[in-house]
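What you see is a predicted model; the values in this text were computed from it and never measured. Just so you know, ligand 1 is whichever comes first in the structure, and atom 1 is the first atom listed for that ligand. Residue indices begin at 1 and follow the sequence shown.
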Amino acid sequence: MNVVNTAPVTAERDLRFTSEVERDTAHLYAKVSKVIPEVEWPVFAPLIHRINQLKAEKNAVILGHNYMTPEIFHCVADITGDSLALARHAADTDADVIVMAGVHFMAETAKLLNPGKKVLIPDMGAGCTLAESITGEDVRKLKAQYPGVPVVTYVNTSADVKAESDICCTSGNAVEIVEGLGTPRVIMLPDEYLALNTAKLVTPEVITWAGRCVVHEMFTPEDIRGMRADNPGVVVLAHPECSPEVIAEADYAGSTAGMAGYVAKHKPAKVVLVTECSMSDNVAAEYPEIDFVRPCNLCPFMKKIELSNILATLETGQHEVLIDESIAARARVSVERMLTGWAPGAA
Ligand code: 13P
Ligand code: SF4
């Protein structure tokens, strides 16, 4: 590869693609060479190099969700996974600083589990349509409407909503959490499709809320049938934030980690991941022998996170996520119950 100068040099920041940068990042390029063209590497490599230096200097850890682009997911994130894995790792880390390469509710969850640590997000605009669909006041009204019915809240919510809930769940443990409550009814918020898909697999009656994920609600059963017609033999894996009609057309439904695990275990010759675009790139980077069909629905919020703002966050400490302790104390209980187990009537 030729050495190319791609960025202006300032006194503080030298982001040239030098031979040292090329050498130090060669092992990282090997991980993503199937999904990042060689011509783009000189732009990414200096940022990656500097981010990894700063992480060590500041004892920072980067948590990267499965929807991050491959240069973030494979080259700067220390921990990667679905929302559940990121929450579990956030609870365990020894780092002084946690940078969330994901969306705001994930950073809030990390902060709830690490009240004494600095939690940063590279862009405060990295929201979520599910988190936007409901407020703490909405939950209070629902509880008044259904007294005594436990509230299971998807982690894709604000701390304010979690504070009004009994227990959190993710798409990776929703069935287990709802079934584990042992009650005849549960309120499950705010993703209507996740709740309906969960309701098909559990004993309790599930009361839903009309929240939707902007990425997954776009997929239709006709899309899936079209993919099968165009790609004979394709294995269809779908996220449970898709509608029940879409899930009915799929071969498997599971969280982003569940889908990645399915590919690792079954190694289908041809597969489609019915979810956010970058997920396929990240899994495809590890399985060059598998043919990935790529319908592309981007999450505009996840895509706000880039190498450049991760670097700026580490350099400046900007965009710290803070939660009022009167809310945090109650929201933390809901998240901790999800991680350690809980049923109504238990302490
Ligand atoms: P999981 O990674 O937990 O499956 O969640 C998907 C998602 O939409 C996160 O925003
Ligand atoms: Fe929210 Fe959907 Fe984006 Fe996930 S993919 S952050 S659920 S809008």
Side-chain angles (χ1 to χ4, degrees), residues 63-69 72-73 77 79-91 100-110 121-134 152-158 161-162 168-178 188-198 209-219 237-243 246-247 250 252-264 273-283 295-306 321 335 338-339:
L63 305 185
H65 186 261
N66 287 329
Y67 294 161
M68 291 293 103
T69 47
I72 296 174
F73 185 88
I79 303 293
T80 55
D82 64 357
S83 314
L84 182 59
L86 297 188
R88 284 202 174 118
H89 284 288
M100 180 55 70
V103 291
H104 191 263
F105 74 79
M106 296 176 177
E108 276 196 337
T109 304
I121 186 155
D123 188 323
M124 279 289 186
C128 171
T129 54
L130 285 169
E132 285 302 310
S133 74
I134 191 161
V152 179
T153 290
Y154 199 25
V155 287
N156 298 38
T157 46
S158 65
V161 167
K162 290 183 176 78
C168 287
C169 76
T170 72
S171 57
N173 62 14
V175 171
E176 189 192 325
I177 297 273
V178 171
M188 195 171 173
L189 309 170
D191 186 351
E192 185 175 22
Y193 288 158
L194 178 69
L196 292 172
N197 290 322
T198 305
W209 181 259
R212 299 281 167 82
C213 161
V214 69
V215 172
H216 294 95
E217 72 171 349
M218 302 290 279
F219 294 107
L237 314 183
H239 195 280
E241 289 172 10
C242 295
S243 72
V246 167
I247 297 300
Y252 167 87
S255 77
T256 55
M259 287 188 267
Y262 184 104
V263 173
L273 309 184
V274 183
T275 190
E276 211 269 350
C277 302
S278 294
M279 172 89 198
S280 295
D281 292 335
N282 292 330
V283 183
C296 206
N297 284 351
L298 278 172
C299 174
F301 309 107
M302 291 279 182
K303 297 293 94 107
K304 285 189 183 289
I305 310 301
E306 299 174 350
V321 175
V335 176
M338 169 182 85
L339 297 176

Which residue and non-hydrogen atom of the protein lie closest to [atom], and at what distance in Å?
atom	answer
atom 3 (Fe) of ligand 2	C299 SG, 2.4 Å
atom 7 (S) of ligand 2	N156 ND2, 3.2 Å
atom 1 (Fe) of ligand 2	C128 SG, 2.4 Å

Identify, by atom number and element, the atoms of ligand 2 in contact range of [X], meaning under 4.0 Å from any of its heavy atoms.
X	result
L130	7 (S)
T129	8 (S)
V215	5 (S)
Y67	5 (S)

Exam field: side chain [X] to backbone [Y], donor-acceptor pair closer than 3.5 Å:
X	Y	value
E276	C299	yes
T129	V214	yes
D281	T69	no

Count the heavy atoms of every other residue, nucleotide or ligand shown that sit under 6.0 Å from [atom1] of [X], and state whether that count exceeds 12.
X	atom1	result
M218	CE	no
E132	CD	no
R212	CZ	yes

Do the non-hydrogen side-chain atoms of M100 and L86 ever get within less than 4.5 Å of each other? yes
Side-chain heavy-atom pair L130, T157 within 4.5 angstrom cut-off: no
Please state whether the separation between atom 1 (Fe) of ligand 2 and some N/O/S atom of C213 is under 2.8 Å? no
Only one of D82, V274, L273, L237 passes side-chain contact (heavy atoms from CB on, under 4.5 Å) with M279; say which it is. L273
F219 and H216 aromatic ring geometry - parallel, tilted or perpendicular at 30°/60° bounds: tilted
Note down each nitrogen or oxygen pair, ligand 1 side and protein side, whose separation is under 3.5 Å; give only atom names and the distance to 0.1 Å.
| residue | atom | partner | partner atom | Å |
| --- | --- | --- | --- | --- |
| ligand 1 | 2 (O) | H65 | NE2 | 2.6 |
| ligand 1 | 2 (O) | S83 | N | 3.4 |
| ligand 1 | 2 (O) | T256 | OG1 | 2.6 |
| ligand 1 | 3 (O) | S83 | N | 3.1 |
| ligand 1 | 3 (O) | S83 | OG | 2.8 |
| ligand 1 | 4 (O) | S171 | OG | 2.9 |
| ligand 1 | 4 (O) | H239 | NE2 | 2.7 |
| ligand 1 | 4 (O) | T256 | N | 2.9 |
| ligand 1 | 4 (O) | T256 | OG1 | 3.4 |
| ligand 1 | 5 (O) | S83 | OG | 3.4 |
| ligand 1 | 8 (O) | E241 | OE1 | 3.4 |
| ligand 1 | 8 (O) | E241 | OE2 | 3.2 |

E241: heavy atom below 4.0 Å from ligand 2, yes or no? yes
